[in-house]
There are 2 protein chains.
Amino acid sequence: MKFEAATIKDIAKALGLSTSTVSRALRDSHEISEETKKLVLKYAAQINYRPNPIALSLKEKRSRSIGVIVTEIANSFFSQAINGIESVAKERGYNVIISQSHESFEKEVQTLNYLSSRSIDGLLISVSAATKDLEHLRALHDRGFPIVFFDRIVEDIQTHKVVIENFRGAYDATMHLLQNGYRNIACITASENLSISRERIAGYVEALAHKQLKPSKSLIKYCPNGGMELAEVEQAVSQLLKLRPRPDAIFTTGDKLTTGCLRVLRARNVSIPGDIALVGFSNSDLIELMNPPLTVVRQPAFEMGEVATDLLLQLIESKRPVKDFERRILTTSLIVNESGNRK
Amino acid sequence: MKFEAATIKDIAKALGLSTSTVSRALRDSHEISEETKKLVLKYAAQINYRPNPIALSLKEKRSRSIGVIVTEIANSFFSQAINGIESVAKERGYNVIISQSHESFEKEVQTLNYLSSRSIDGLLISVSAATKDLEHLRALHDRGFPIVFFDRIVEDIQTHKVVIENFRGAYDATMHLLQNGYRNIACITASENLSISRERIAGYVEALAHKQLKPSKSLIKYCPNGGMELAEVEQAVSQLLKLRPRPDAIFTTGDKLTTGCLRVLRARNVSIPGDIALVGFSNSDLIELMNPPLTVVRQPAFEMGEVATDLLLQLIESKRPVKDFERRILTTSLIVNESGNRK
DNA sequence: TTGAAAGCGCTAACAT
DNA sequence: ATGTTAGCGCTTTCAA
């Protein structure tokens with residue numbers, strides 16, 4: 001059913017004024033007499049008048065909404081980031097419209113088309129693991145549509161980007177394993193398309209190189225869906241367990257990969273870190289409660305959301321085309337628990 | 001910066017047609033010649049024309065957006081529910097606008113006012129733990145605004161509601177503890193304002209009554225913020241530990257309370273279930289990985305989101321005022337792990 | 001088959 | 001100090 005609300009016209013009619021007078025009175029214009037203002041304000045309050053944001057949007061050619069595309073809301077990193085996004089957006093008077101790509105390229109494109117037309121003023125996106133073709137994003141960007149990438153960014157499109165020190169985070173995690181005596185360290189990562197995968201692998205490789213180690217190809221396993229399906233993690237772990245010599249540690253580059261890996265190892269009764277150590281990226285706030293408590297690389301998700309939103313609003317509210325784009329780099333922290341301790 | 005897109009007017013001008021002809025051609029009206037249609041469609045595709053959803057909204061008096069208010073996105077139950085909401089909404093062509101109340105009444109009211117005007121066609125809400133006064137909701141509802149409550153509902157407002165068998169879930173969890181030999185079972189719950197708290201406590205009390213037990217007042221602890229702050233859980237647990245005889249088990253009625261309680265007990269080196277058993281509501285998908293693996297009451301969060309959205313869209317799209325409201329009751333499941341096992 | 005015009009709710013330039 | 005009018009992009013009635 002339709003929900004009819006009061007308009008400026010209703011007020012004007014009731015008070016025998018013109019709509020423009022009412023409009024001005026409501027906006028406290030100086031060219032309206034105090035008397036009239038009072039009258040209008042009082043009546044408006046009485047009938048609980050609310051300006052229609054859609055009419056405003058049409059007039060101002062802006063919706064005061066921003067779109068967010070992430071792979072999955074039910075992922076601690078993203079839900080924390082959205083939390084940050086929402087807090088800044090709300091503070092600045094913007095709505096947040098959320099969509100999920102579920103790591104599917106098609107869904108990402110579809111969602112983007114859906115959101116982009118003109119119902120959002122700008123977009124925050126962390127691309128799906130399946131995203132190789134960038135046409136959907138580039139087309140928008142080329143037409144001047146404000147876009148900010150966060151976390152899973154795209155290098156080829158010039159706009160603001162918010163990332164973490166992926167290389168450093170991975171390096172630190174791997175180094176932690178090395179310092180604890182592990183030498184045959186495997187890596188389970190998401191799709192190679194992703195900037196974050198490539199950088200994290202690079203950090204892992206570099207740490208090993210520091211100890212004059214070079215991982216064989218068989219030590220690096222890819223999960224195209226980023227661990228969304230446990231089966232892919234199961235397969236990766238299974239292959240690693242068959243290697244001889246068997247890896248003595250695993251480094252995982254994403255939330256779902258880390259918990260998925262823990263799940264698989266425990267199901268197979270592999271003792272952690274006794275048989276195999278495990279260190280990975282995760283933003284779950286339950287890691288200390290796990291068995292064993294996990295050593296993880298933690299990303300400042302909330303802050304990333306805040307920063308990305310702030311940059312996006314800068315783009316949206318800028319009077320002139322922005323040419324200088326920023327790349328904000330936030331730091332990770334290694335939270336040490338038991339899963340990566342000395343063997 | 002502004003992002004200018006093509007309009008029907010541009011097409012009309014370029015093709016020497018009127019805007020109404022273009023409009024009709026785009027909507028494949030039968031009163032337009034095939035020739036003209038082809039021409040228009042071709043040109044529209046060429047300049048990548050997209051109808052302006054805001055103009056449509058103004059015309060149709062609907063925004064094809066629904067609002068969602070939850071306490072916190074970064075809570076497994078809510079993020080899963082939102083996932084369900086988003087899936088149904090998108091399928092039916094609606095945007096989802098998300099806001100968080102962070103268990104604050106003021107934020108809930110503020111957000112509601114912000115969303116309600118006319119930028120959303122309806123609202124899905126799970127009220128905050130602090131919500132006692134219902135005026136903000138009632139005012140909207142009385143004006144015919146479509147609202148559906150889910151999980152944390154409000155009995156006094158007549159509309160569709162989606163709940164789970166709170167009583168049953170709590171009863172089952174408590175009974176599980178009883179069957180495992182625990183007799184002195186405490187309960188940690190959220191604000192008593194909440195329907196779910198009251199019902200879950202009732203289920204807990206009834207299960208005890210079944211064994212001719214009656215919990216003393218001191219065994220039931222309230223956390224007004226629903227466990228959002230660990231301190232309140234710490235205090236509750238602390239008080240319970242001081243009781244003589246000391247409780248041999250704890251039943252928690254919410255996600256944050258369950259994991260918070262586990263955190264506190266572990267910090268105090270209380271062995272679970274050796275010293276104290278723990279069973280509670282939780283929708284985390286990591287419970288099996290915890291130490292000890294938690295026995296939990298799981299809610300069908302995704303499904304609740306789906307059902308609630310479906311009901312909301314029914315309200316929104318109904319031609320006439322809806323009088324018959326549904327109360328959909330979904331079932332919980334007890335996932336048995338070790339934390340509630342025999343002592 | 002096509003076009004002109006009105007209207008959705010609001011603001012603002014331009015009268016009065 | 002207040003009113004008239006046009007216009008944001010689109011659909012739709014009415015006219016041609």
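Throughout, a chain's letter reflects where its sequence line sits, starting with A, and its residues are numbered from 1. The basis for the numbers below is simple: all heavy atoms, side chains too, and nothing from hydrogens, waters or symmetry mates.
Residue pairs meeting the ring-ring contact (aromatic ring centres under 6.0 Å, His included) criterion with at least one member in residues 12-68 of chain A, sequence neighbours excluded, do not occur. Applying the salt bridge (Lys or Arg N to Asp or Glu O under 4.0 Å) rule to pairs touching residues 150-161 of chain A yields A/Glu103-A/Arg152, A/Asp151-A/Arg200, A/Glu155-A/Lys161, A/Glu155-A/Arg327, sequence neighbours excluded. Sorted by first then second residue, the ring-ring contact (aromatic ring centres under 6.0 Å, His included) pairs that include residues 121-141 of chain B, not counting sequence neighbours, are B/Phe105-B/His136.
Counting only heavy atoms from C-beta outward, the side chains of A/Ser87 and A/Phe302 approach each other to under 4.5 Å.
Nucleotide C/dG9 holds its C1' atom 10 Å from the CG atom of A/Asp10, rounded to whole Å. In this structure, the CZ atom of A/Arg27 is 7 Å from the C1' atom of C/dT11, given to the nearest Å. We find that CD1 of A/Ile8 is positioned 13 Å from P of D/dG3, with the value rounded to whole Å. Rounding to whole angstrom units, CG of residue B/Asp28 and P of C/dT1 are separated by 13 Å. One interatomic measurement links the two molecules: CD1 of A/Ile11 to P of D/dG3, which rounds to 14 Å at whole-angstrom precision. Summarising the geometry, the separation between CG on B/Leu58 and P on D/dC10 is reported as 12 Å, rounded to the nearest angstrom. Rounded to whole Å, atom C1' of C/dT1 lies 11 Å from atom NE2 of B/His30. Protein atom CG of B/Asn52 is 12 Å distant from nucleotide atom P of D/dC8, rounded to whole Å.
Each end of the helix from C/dT1-D/dA16 to C/dT16-D/dA1 gets its own axis, taken as the rotation carrying the C1' atoms of four end pairs onto the next four within a five-pair window, and the two axes meet at 60° to the nearest 10 degrees.
Residue B/Ser23 places its side chain closer to D/dT11 than to any other of C/dA4, C/dT11, D/dT11. For B/Ile32, counting side-chain heavy atoms from C-beta on, the closest listed nucleotide (D/dT2, C/dT2, D/dT11) is C/dT2. Nearest nucleotide to the side chain of A/Tyr49, out of D/dT2, C/dC10, D/dG9: C/dC10.
B/Ser101 places no side-chain N or O within donor-acceptor distance of the main-chain N or O of B/Lys107, the cut-off being under 3.5 Å. A donor-acceptor pair under 3.5 Å links the side-chain atoms of A/Thr309 to the main chain of A/Gly305, judged by distance alone.
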Using a cutoff of under 3.5 Å, can you pull out all pairs of nitrogen or oxygen atoms linking the protein to nucleotides 14-16 of chain C, with atom names and distances?
none

Report, one pair per line, the protein and nucleotides 5-7 of chain C atoms (nitrogen or oxygen only) whose separation is under 3.5 Å.
{"unit_1": "C/dG7", "atom_1": "N2", "unit_2": "B/Lys59", "atom_2": "NZ", "d": "3.4"}

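As judged by a 4.0 angstrom heavy-atom cut-off over every strand, B/Ile54 is placed among residues making no nucleic acid contact. The residue A/Ser57 sits apart from the nucleic acid: no heavy atom pair falls under 4.0 Å.
The line from CD1 of B/Ile54 to CG of B/Leu58 is 10.0 Å long, rounded to the nearest 0.5 Å. Interatomic distance, CZ of A/Phe145 versus CG of A/Asp121, reported as 7.0 Å (0.5 Å rounding). In this structure, CG in B/Asp310 is found 11.5 Å from CD in B/Glu303, a value given to the nearest 0.5 Å.
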Kindly indicate, with the supporting measurements, whether the criterion salt bridge (Lys or Arg N to Asp or Glu O under 4.0 Å) is fulfilled by A/Asp28 and A/Lys37. CA-CA 7 Å; A/Asp28 200 28; A/Lys37 275 187 197 169; 3.0 Å; yes

Before you tell me yes or no, could you show the steps for A/Ser33 and A/Lys38 under side chain to side chain donor-acceptor pair (under 3.5 Å), namely the whole-Å CA-CA distance, both residues' side-chain angles and the distance that decides it to 0.1 Å? CA-CA 9 Å; A/Ser33 74; A/Lys38 241 179 246 169; over 6 Å; no

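For B/Thr21, no side-chain nitrogen or oxygen approaches OP1 or OP2 of C/dT2 to under 4.0 Å. Between D/dG3 and A/Ser18, a contact under 4.0 Å exists linking OP1 or OP2 to a side-chain N or O.
In this structure, B/Leu17 and B/Ala55 both approach DNA chain C, and ranking their closest nucleotides by distance from the 5' end singles out B/Leu17.
Side-chain contact, A/Thr131 with A/Ser128: a donor N or O sits under 3.5 Å from an acceptor N or O.
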